[in-house]
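Only one structure is covered here, and it is reproduced in the block below.
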Amino acid sequence: MIGRLHGNAVNADGQENKLERDEADDHQRQDAHQSRPWPPTNQHCLKPVWLGGWFVGVRHKSIKTQIARKLRVNKHSAIESAVSLRRIFRSMASSRRQYPFHLIEPKWQQTWEQQQAFRAFNPGEEIPKNHPFATRHKLSGKVAATQLPPKFYILDMFPYPSGAGLHVGHPEGYTATDILSRYRRACGFNVLHPMGWDSFGLPAEQYAVKTGQHPRVTTEANIANFTRQIKSLGFSYDWSRELATTDVEYFKWTQWIFLKLYNSWFNPVTQKAESITIFEDVFSENPKRKTEWEKNLTLQVFHAKWTQESPAGKIQYQRDRINELRLAYVTEAPVWWCEQLGTVLANEEVVDGKSEVGGFPVKKKPMRQWMLRITAYAERLLADLNTIDWTDSLKEMQRNWIGRSEGAFVHFDATEQRNPNTTLLLSVFTTRPDTLFGATYLVLSPEHPHVNGLTTDAQRAAVEAYKIEVSKKSDLERTELAKEKTGVFTGSYTTNPVTNQEIPIWIADYVLASYGTGAIMAVPAHDTRDFEFAKKFNLPIVQVVEPPAGKDWQGFTEDGIAVNSGFLNGLPTREAKNAMLKRLEETQDGSKTINYKLRDWLFSRQRYWGEPFPIVWKKDAAGNLYHEALPESALPLLPPSLEDYKPTADGQPPLARAKDWLNLPDGSIRETNTMPQWAGSCWYYLRYTDARNAQSFVGKDADNYWMASNGKAAGVDLYVGGTEHAVLHLLYARFWHKVLFDLGHVSTPEPFFKLVNQGLILGEDGQKMSKSRGNVVNPDDVLVEYGADAFRLYEMFMGPLQDTKPWNTKGVEGVYRFLGRVWRLFVDEKAETAFEQAETLATEAQSHRELLDLILLDGGITDMDATPAQLKALHACIKKVTEDLDGMRFNTAISAMMMFINEAMTWQTKPLSVMKTFLQLLAPFAPHIAEELWARLHSTFGQTAISLAYAPWPKFDAALLVESEIELPVQVNGKFRDTIKVAVDADNATIEAAAKASEKVQQFIAGKAIKKVIIVPKRMVNLIVG
RNA sequence: GCCGGUGUGGCGAAAUGGCAGACGCACAGGACUUAAAAUCCUGGGACUAUAAAAAGUCGUGUGGGUUCAAGUCCCACCACCGGCACCA
């Protein structure tokens, strides 16, 4: 240690790199640095950078360390201060480019755009003769679906175009999907790979509130910036299908789908969404479609009751019943209100008692809201998870969110305190009906509707006080303070239907109003929460389950054997449940049921920048307000223009400010809520398949072709995006899709067959990227320095797509060097020098293409037969890259290409065919450099090139990979000792003999008996000696 | 608390039950150069031993197990990440 420290000190002239290591030793080194002048001088700590014999600056790397040391902080905190210095040095000391990506990349991006190279063609669409897709598949003109090649739909989760622009996390998924799109295209698929914008959203609206600028202006500027950034990465999107959820032509159809939801109900008999037009028949004197609904008990009852109503009553009754069943309905319920955001939020948008966006406090507030009846689909959303190829963790998250649990309703009766003749029915939900004998009290949530009726005069004050106390608590407090149970006795009793004993009824906030029936039967012996509560309030605890030997029955919540339970005694839990259910159903004291955690989707927001609801409110003769849908012909319903985007003074949404818009000539009033941001993202993947269709949200042919089942796969073949949408977007979109499927508008029951979540990219410091940490990497900066191909390659080389991994600029340099080696493998060195000189002298006017034409191919590339070794290297690479692409293992595919290049660098001659094939492998990953070299190879040898994007994917020849001789590892007693070379088809006797003959092996087997010889063909040999 | 995932060099990582650490970064040495950058070549798991080499021992979060053979399969535990959380 001392020696090294000494060494650093004496070598200070050029060895400062050592100083960067071992920062932990800093305190030991302080002395050595005390004498150094500040700011650091060239002599002591900076490497001069020379360019063409001129001193142009110093290496900036050391600066960070020097500043850090001076400030006595770690290197990363010093980054901020070093940033401006770094910028200066970068411009002064920019290193020589590995290859002219700055000319190549724009050139090919323009070429692709001019060719519309990545246009995906719909069935029946005119395919231009000269389009590379037409050339490849020998198709042109209008082509029917059956003649088109098989489709492959690869989708990215479209971004919200924020003002901050792209960060390096976005292109991670985009690069992966682009590579696969290009690969599938090469394999002959008709690839649909679109991009668009989830452009409704809060930031643009908040900016509008502050400045008065229309959100559309902000949004469009942001979209332009995102478009520029995304295009600079060379992704093969079909831009002709670009869409934004804020486009009038798009949200017209979002509103249209809302009308479908509004005009549909979930028929429990068919388990499908159906049109509410059936109710016209149900609510008529002479039903004509009675066969369609007479088996539905509910509808029968509706019809019977309706018949008995007065004419005025009939209208009201009909309206009420239909509104109760619509998939889109209005409710007055406590919802999450966020003062700062000025809007309500869905349950899912509230995290830890704060708004997910902005982290503002939220509170419950009763308000009139639009809801979507997603709960009707709970069972199908759950069951169909088994039909799709998502990760287990993601499916599990959705399963948990849906929260199916099987159990029973158990009914209890209690007398209303103020009307002793009235009996109140109290139903509870339980998953453990087998423990009913141990139910020693009931607990209602404080919000339960029967609490008032059950409270005795003696307890009224206590109950009221408790309710007020609870209502003051936020949900956060209610759960955070969960350790200590609270509650109050109502004064009422009920009877346990199996023990016939009187049991008290309590209220407590550990019972949630929103789950089950909002009431529970408490079995303190076998439920942790009930147990805590019973102990605190001295309620009786009765054992009814016998745990396995050695476990305490108190608080035992698992399965066991029923005891103290009358007719259940001796039955294991599973059987006891069934026996109890049977009994409850016989005595009509309860019934089997299934309960879900999933709740209906709160679908309205009090905002300006969202889709207005195509709904108006009217008053009937009796003065009752009711809602009515606008006709489809009224769509799109545009939001009004406003001067001020704030909510009104009396708390109405901003849309209420537009009086002209709000009030219709016939006296009706428009709905002023708007839809949440999720609405637009629920169906955008469908619109992409037919983005310019003016007649329909998506045409039948387009839907059938792009979304239809391809054998097992259905819908989008691959969907890539972040994990943050696991239960919001992905559940909502599945729900909408199923409704559209039920109503016959789409052909598949699930939208996304395969779904992959890309992992998070962390900053260089291993922390999540954030402005405040100053560790955000801007793709624009990376592109300027290393180019798009290196950027893409690095994003994929970092590690498996799904993993979280830190950014490392040095790693970008690594793949950039690899691309440099690829370039030098193909390009003549002298010509490149000439090119560089020309480039330095080039005027603005000189075109990039002319400059690039100065580049000549390396003379070693000739149109000759490849040697067996060269073919082997190539085909090993084809095999690995192909298999890894199929398995989405991009990092190992890239390393296979690196190995190929490392070997090819040593070749004296480079066969044209081998070099061309390698470029095809490289093309999906680094398309610009591959296209440039591909075109150059072809023109040099006087060949006409098919666009590399459509060149058929190479196939590997397994025969070329076969070795005549192979190396086998030899183990003795399971330990590796040596390798032997044997003929690939050597028999076991030969292999055994060769193994024993090895000198190294001899040392370990000499003088010992060989008990057993294990030979795994082409794998290894293991000699067992005693 | 429950569910899911991950633990491998200085770092990112790779390994159909069969030579652990491919590929890359960083680092070290060398070639080229007046010099630097760039490029090219070589070497790097740890430890023991040695002038050097050969060689040996240990090594994939921890502890057990299965197997001729375990990073990989089984059991128990620990740590970290993500999700859910008084859901009856």
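The sequence lines fix the lettering, A, B, ..., with proteins before strands; numbering per chain opens at 1.
- The side chain of Q971(A) has rG18(B) as its nearest neighbour among rG12(B), rG18(B), rC68(B).
- Between Q98(A) and rU39(B), a side-chain N or O to OP1/OP2 separation shorter than 4.0 Å is present.
- The closest side-chain heavy-atom distance from W401(A) to L598(A) is below 4.5 Å.
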| task | Mind running ring pair (Phe, Tyr, Trp, His ring centres under 6.0 Å) on W823(A) and F835(A) for me, showing each step along the way? | result | CA-CA 14 Å; W823(A) 181 254; F835(A) 158 79; 7.7 Å; no
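- To the nearest 0.5 angstrom, Y794(A) atom OH is 12.5 Å from T175(A) atom OG1.
- Between F1004(A) and V815(A), the residue anchored closer to the 5' end of RNA chain B is V815(A), taking for each the nucleotide with the nearest heavy atom.
- Using a 4.0 Å heavy-atom distance criterion, N595(A) is classed as making no nucleic acid contact.
- Between N1022(A) and the phosphate of rU67(B), there is no side-chain N or O to OP1/OP2 separation shorter than 4.0 Å.
- In terms of phosphate contacts, R97(A) brings no side-chain nitrogen or oxygen within less than 4.0 Å of OP1 or OP2 of rA37(B).
- Salt-bridge check for D803(A) with K805(A): failed, with every basic side-chain N at 4.0 Å or more from each acidic carboxylate O.
- The existence of a salt bridge linking E379(A) and R404(A) is confirmed by a sub-4.0 Å separation between a basic side-chain nitrogen and an acidic carboxylate oxygen.
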| said: Walk me through whether F533(A) and Y510(A) qualify under ring pair (Phe, Tyr, Trp, His ring centres under 6.0 Å). | reply: CA-CA 9 Å; F533(A) 191 79; Y510(A) 80 88; 5.2 Å; yes
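- Where G814(A) and D803(A) meet RNA chain B, the nucleotide closest to each residue was compared, and D803(A) sits on the side nearer the 5' end.
- For rA85(B), the OP1/OP2 oxygens have no side-chain nitrogen or oxygen of N400(A) closer than 4.0 Å.
- We find the OH-CZ distance between Y515(A) and F429(A) to be 4.5 Å, quoted to the nearest 0.5 Å.
- Classified by its glycosidic torsion, rG9(B) falls in the syn category, the angle being within 90° of 0.
- Evaluation of atom-type donor-acceptor distances gives a pair under 3.5 Å for the side chain of K485(A) against the base of rC86(B).
- Applying the 90° criterion around 0 to the glycosidic angle, rG44(B) comes out syn.
- The side chain of R889(A) contributes no N or O atom lying less than 4.0 Å from OP1 or OP2 of rA14(B).
- Under 3.5 Å, the side chain of E396(A) and the base of rG83(B) form no donor-acceptor pair of N or O atoms.
- Comparing rA14(B), rG18(B), rA88(B) by their nearest atom to the side chain of P800(A) picks out rA14(B).
- Using a 4.0 Å heavy-atom distance criterion, I520(A) is classed as a base contact.
- For rA15(B), the OP1/OP2 oxygens have no side-chain nitrogen or oxygen of T892(A) closer than 4.0 Å.
- Residue contacts for T391(A): at a heavy-atom cut-off of 4.0 Å it reaches no nucleic acid atom on any strand shown.
- Between K395(A) and the phosphate of rG4(B), there is no side-chain N or O to OP1/OP2 separation shorter than 4.0 Å.
- Out of rA88(B), rU39(B), rG56(B), the shortest distance to the side chain of T430(A) is found at rA88(B).
- At the phosphate of rG83(B), neither OP1 nor OP2 sits under 4.0 Å from any side-chain N or O atom of R399(A).
- Taken from CD in E447(A) to OG in S514(A), the straight-line distance is 8.5 Å, to the nearest 0.5 Å.
- Side-chain nitrogen and oxygen atoms of K975(A) include at least one within less than 4.0 Å of the OP1 or OP2 phosphate oxygen of rC58(B).
- Here the side chain of F429(A) is nearest to one of rG12(B), rA88(B), rG18(B), namely rA88(B).
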| When Watson-Crick pairs (N1 to N3 and N6-O4 or O6-N4) and G-U wobble pairs (N1-O2 and O6-N3) count only below 3.5 Å on both distances, what is the dot-bracket string of RNA chain B, with | for other-strand pairs? | (((((((..(((.....[....))).(((((.......))))).((((......))))..(((((..]....))))))))))))....
